Amino acid sequence: QVQLVESGGGLVQAGGSLRLSCAASVRTFSSYAMGWFRQAPGKEREFAAGINWSGTSTYYADSVKGRFTISRDNAKNTVYLQMNSLKPEDTAVYYCAAHPNYGVVTLGYDYWGQGTQVTVSS
């Protein structure tokens, strides 16, 4: 069982930055691929970024590529999402997720956090 707790969301102006964190309660954090998803009001949840077990491989949705950076610290059981050049359309609840796979994964995640709200004002 994996428990995930996100933090770092908030209100920011367009063009600003936020850093999300996700702390995992699991003994074998490095055995899991991790991902960040987001769900805007009235829309389906969508994949934003993923990272492999070691942090050496990442993958991004086209909508965030070049602006968001996913990283992880296996010693701290934590995954991060650095979000720069934020746009109003980035407004959403952001969720971190864990998948029992070593490579980068874009779907089929088994464990989810409760989400953190990110609001970008214009």
Side-chain angles (χ1 to χ4, degrees):
Q1 190 73 10
V2 181
Q3 292 185 328
L4 303 170
V5 179
E6 301 97 335
S7 61
L11 174 64
V12 63
Q13 289 188 333
S17 298
L18 279 176
R19 187 195 198 201
L20 305 183
S21 299
C22 173
S25 297
V26 62
R27 287 195 303 170
T28 57
F29 180 67
S30 60
S31 297
Y32 290 82
M34 299 297 295
W36 285 97
F37 289 73
R38 64 185 186 180
Q39 186 167 19
K43 295 187 177 181
E44 293 188 354
R45 186 162 54 189
E46 64 176 8
F47 171 84
I51 190 166
N52 72 335
W53 72 277
S54 63
T56 56
S57 181
T58 58
Y59 186 78
Y60 299 92
D62 287 343
S63 57
V64 308
K65 196 175 298 181
R67 300 187 298 121
F68 290 11
T69 302
I70 186 172
S71 61
R72 66 189 295 162
D73 185 339
N74 287 345
K76 296 182 178 179
N77 280 20
T78 301
V79 62
Y80 305 97
L81 186 68
Q82 178 67 44
M83 305 185 294
N84 299 329
S85 302
L86 283 162
K87 306 174 182 179
E89 51 262 45
D90 294 318
T91 295
V93 177
Y94 283 72
Y95 299 89
C96 83
H99 190 294
N101 187 71
Y102 286 101
V104 179
V105 181
T106 61
L107 74 167
Y109 281 78
D110 295 307
Y111 304 100
W112 296 84
Q114 82 289 348
T116 186
Q117 177 70 47
V118 172
T119 302
V120 184
S121 63
S122 58

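Note that the coordinates shown come from a computational prediction; the quantities given were computed from them, not determined experimentally.
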Exercise. Under the side-chain contact (heavy atoms from CB on, under 4.5 Å) criterion, do Q117 and T91 qualify, and how do the steps go?
Worked result: CA-CA 8 Å; Q117 177 70 47; T91 295; 4.0 Å; yes
Exercise. How long is the gap from CG on N52 to OG1 on T58, to the nearest 0.5 Å?
Worked result: 8.0 Å
Problem set entry | Heavy-atom side-chain proximity of R67 to M83 below 4.5 angstrom | no
Problem set entry | Closest approach of K65 to D62 (non-hydrogen atoms, all atoms of both residues) | NZ-OD1, 3.1 Å
Problem set entry | Separation of M34 CE from S71 OG (nearest 0.5 Å) | 11.5 Å
Exercise. Taking all non-hydrogen atoms of both residues, which atom of R72 and which atom of S54 are closest, and how far apart?
Worked result: CD-C, 4.3 Å
Exercise. With side chains defined as the heavy atoms from C-beta onward, is the minimum distance between Y80 and D73 less than 4.5 Å?
Worked result: yes
For this session: Verify whether the ring centers belonging to F68 and W36 lie closer than 6.0 Å.
Result: no
Exercise. To the nearest 0.5 Å, what is the distance between CD (Q3) and OH (Y111)?
Worked result: 11.0 Å
Exercise. Which heavy-atom pair separates Y32 from A98 by the least distance, and what is that distance?
Worked result: CD2-CB, 4.0 Å
Problem set entry | Atom CD of E46: over 12 foreign heavy atoms under 6.0 Å | yes
For this session: Mind listing the closest non-hydrogen atom pair of C96 and E6 along with its distance?
Result: N-OE2, 2.8 Å
Exercise. Is a side-chain N or O of N74 found less than 3.5 angstrom from the main chain of W53, in a donor-acceptor match?
Worked result: yes
For this session: Salt-bridge test for D90 and K87: reply yes if a basic N is under 4.0 Å from a carboxylate O, no otherwise.
Result: no
Exercise. Shared ILVMFWY cluster between I70 and V104, side chains joined below 4.5 angstrom?
Worked result: no
Exercise. Applying the ring-ring contact (aromatic ring centres under 6.0 Å, His included) test to F37, which of W112, Y95, Y94 qualifies?
Worked result: W112
With a cut-off of 3.5 Å and sequence neighbours excluded, list every side-chain donor-acceptor pair involving residues 16-29.
unit_1 : atom_1 : unit_2 : atom_2 : d
S17    : OG     : N84    : OD1    : 2.9

Problem set entry | From R38 atom CZ to R45 atom CZ, the distance as rounded to the nearest 0.5 Å | 13.5 Å
Seminar exercise, completed: Heavy atoms of A49 and Y60 approach each other most closely as CB-CD2, 3.6 Å
Problem set entry | Closest approach of A33 to V105 (non-hydrogen atoms, all atoms of both residues) | CB-CG2, 4.0 Å
Problem set entry | ILVMFWY cluster, Y109 and V79 together (side-chain gap under 4.5 Å) | no
